[in-house]
Enquirer: 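Encoded as structure tokens, here's the structure I'll be asking about.
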Amino acid sequence: VGHSLGALVAVEFARRYPLLVRSLILVSPPFYRPAADTTKQLPSADRMRREIYNLIKKRPDQLIKIANLALKLGLLNKAFNLTKDNAAIYLNTLEASILNQTSLHDAEHLKLPIHILYGRLDPVIASRNLAYLTQKNKYVQTTPILASHEVIGVFADKVADAVKESVTNEVARNNRP
């Protein structure tokens, strides 16, 4: 089970250690296509995210102001704390997860059940990429939920249900004669 960047870590772990992973539950995975896949297309969500990243990389002070406003409006978890002292670390993480990731391609080739839950209002989700993944990998199922990125309320309940179902299915598989 992985949420957001943790979902990308879960995919990487499954890719590297396929004998240790029987299924994945990915919550709000920010799957993006490589830059080479988006350069010739009309504006895409992937390309817009890259452009936004490049803008905030040049002006981390503006990112801090936007993050503080988002906190005041309740759009971010209260534990989120972006300051001038940690902005560079945050930006490096964004670079690795947005600009240089291979998770979409890696998930496309995994041969294990993958259940993706995501909020329809989640700004980090590229639903087009999730649709692509479900077409390319028969083991992938998606569940959209009327939610944003944070796993709270109904979204948390749906994730808990998916985990229970996955564990139940695994126990049933192991108890077959």
Side-chain angles (χ1 to χ4, degrees), residues 1-15 21-34 37-38 43-50 52-53 56 63 66-82 90 93-94 96-99 101-173:
V1 178
H3 172 252
S4 196
L5 183 58
L8 305 183
V9 172
V11 168
E12 178 67 16
F13 188 87
R15 184 186 69 79
V21 181
R22 301 226 177 139
S23 67
L24 290 175
I25 297 172
L26 307 178
V27 183
S28 302
F31 286 139
Y32 306 128
R33 295 175 190 259
D37 288 358
T38 61
S44 69
D46 294 321
R47 199 158 78 217
M48 286 188 279
R49 285 181 183 88
R50 281 189 186 81
I52 290 169
Y53 169 79
I56 62 175
L63 174 63
I66 292 169
N68 286 332
L69 177 61
L71 277 168
K72 287 179 186 173
L73 295 173
L75 300 173
L76 291 175
N77 185 306
K78 292 176 185 169
F80 186 82
N81 182 26
L82 186 64
Y90 183 77
T93 302
L94 282 178
S97 64
I98 292 175
L99 299 180
Q101 71 159 275
T102 61
S103 301
L104 178 64
H105 178 265
D106 295 340
E108 182 182 336
H109 295 93
L110 291 175
K111 304 270 189 265
L112 54 100
I114 301 172
H115 188 173
I116 298 173
L117 296 98
Y118 67 97
R120 287 192 186 275
L121 306 174
D122 190 335
V124 305
I125 293 297
S127 56
R128 183 174 170 184
N129 292 343
L130 296 181
Y132 167 84
L133 184 58
T134 57
Q135 283 183 322
K136 294 293 185 177
N137 186 332
K138 67 181 181 180
Y139 301 104
V140 173
Q141 92 178 57
T142 59
T143 302
I145 298 161
L146 187 58
S148 186
H149 190 71
E150 297 298 324
V151 182
I152 56 175
V154 173
F155 200 0
D157 295 340
K158 296 285 187 183
V159 170
D161 291 345
V163 171
K164 288 176 198 172
E165 181 182 343
S166 180
V167 170
T168 301
N169 291 343
E170 187 59 33
V171 169
R173 275 193 292 274

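A quick note: this is a predicted structure, and the numbers were derived from the prediction, not measured.
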Enquirer: Quick test of your reading: applying ring pair (Phe, Tyr, Trp, His ring centres under 6.0 Å), list the pairs with at least one residue in residues 136-160, sequence neighbours left out, ordered by first then second residue.
Expert: His3-His149
Enquirer: Just do the side-chain hydrogen bond (donor to acceptor under 3.5 Å, both in side chains) check on Ser148 and Asp122 with the steps written out, would you?
Expert: CA-CA 4 Å; Ser148 186; Asp122 190 335; 5.2 Å; no
Enquirer: Contact between Pro30 and Leu5 at the side-chain level, heavy atoms closer than 4.5 Å - yes or no?
Expert: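 No; the side chains remain at least 4.5 Å from each other.
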Enquirer: Taking atom CD1 of Ile52 and atom CG of Leu94, what is their separation to the nearest 0.5 Å?
Expert: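 It comes to 11.0 Å.
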Enquirer: Would you mind telling me which of Leu26, Leu24, Leu133 makes a side chain to side chain contact (heavy atoms under 4.5 Å, CB included) with Val140?
Expert: Leu133
Enquirer: Please find the pair of heavy atoms, one from Ala162 and one from Leu117, that lie closest to each other, and give the distance.
Expert: CB-CD1, 3.9 Å
Enquirer: Evaluate the criterion side-chain contact (heavy atoms from CB on, under 4.5 Å) for residue pair Lys158 and Thr143; output intermediate values, then yes/no.
Expert: CA-CA 9 Å; Lys158 296 285 187 183; Thr143 302; 5.6 Å; no
Enquirer: For Tyr53, I'd like to know if atom OH has over 12 heavy atoms of other residues, nucleotides or ligands within 6.0 Å.
Expert: yes
Enquirer: What residues, two or more places apart in sequence or in another chain, satisfy salt bridge (charged side-chain N to carboxylate O under 4.0 Å, His left out) together with Glu12?
Expert: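 Here the qualifying residues are Arg15, Arg16.
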Enquirer: Can you tell me how far the CD1 atom of Ile116 sits from the OG1 atom of Thr134, to the nearest 0.5 Å?
Expert: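 So the CD1 of Ile116 and the OG1 of Thr134 are separated by 8.0 Å.
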Enquirer: Hey, does Phe31 have a side-chain heavy atom less than 4.5 Å from the side chain of Leu130?
Expert: yes
Enquirer: Can you check side-chain contact (heavy atoms from CB on, under 4.5 Å) on Gln141 and Ile114, steps first, answer last?
Expert: CA-CA 6 Å; Gln141 92 178 57; Ile114 301 172; over 6 Å; no
Enquirer: Testing the basics here: between Ala7 and Val27, what is the closest heavy-atom pair and its distance to 0.1 Å?
Expert: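 Shortest heavy-atom separation between Ala7 and Val27 comes out as CB-O, 4.2 Å.
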Enquirer: What verdict does the side-chain contact (heavy atoms from CB on, under 4.5 Å) test give for Ile145 and Tyr118, after you've listed the backbone C-alpha separation in whole Å, the side-chain angles of each residue and the deciding distance to 0.1 Å?
Expert: CA-CA 6 Å; Ile145 298 161; Tyr118 67 97; over 6 Å; no
Enquirer: Taking Tyr32 for its side chain and Val124 for its backbone only, find out whether a donor-acceptor pair lies under 3.5 Å.
Expert: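 A pair under 3.5 Å: yes.
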Enquirer: Do Lys136 and Glu108 pass the salt bridge (charged side-chain N to carboxylate O under 4.0 Å, His left out) test, and can you show the C-alpha distance, the side-chain angles, and the key distance before you say yes or no?
Expert: CA-CA 6 Å; Lys136 294 293 185 177; Glu108 182 182 336; 5.2 Å; no
Enquirer: Taking atom CG of Asn68 and atom CZ of Phe80, what is their separation to the nearest 0.5 Å?
Expert: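 That separation rounds to 9.0 Å.
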Enquirer: Looking at Arg33 and Asn129, what are the two nearest heavy atoms and their distance?
Expert: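 Closest pair (atom of Arg33, atom of Asn129, distance): NE-OD1, 2.9 Å.
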Enquirer: Rounded to the nearest 0.5 Å, what's the gap from NE2 on His105 to CG on Leu110? Could you check?
Expert: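 Separation between the atoms: 10.5 Å.
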Enquirer: Of all heavy-atom pairs between Asn137 and His109, which one has the smallest distance, and what is that distance?
Expert: ND2-N, 4.4 Å
Enquirer: Please give me the minimum heavy-atom distance between Ile25 and Ser166, naming the atom from each residue.
Expert: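 For Ile25 versus Ser166, the nearest heavy atoms are CD1-CB, 3.8 Å.
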Enquirer: Contact between Ile125 and Pro29 at the side-chain level, heavy atoms closer than 4.5 Å - yes or no?
Expert: yes
Enquirer: Restricting to non-hydrogen atoms, name the atom on Ser23 and the atom on Leu112 that form the minimum distance, rounded to 0.1 Å.
Expert: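 Shortest heavy-atom separation between Ser23 and Leu112 comes out as CA-CD1, 3.6 Å.
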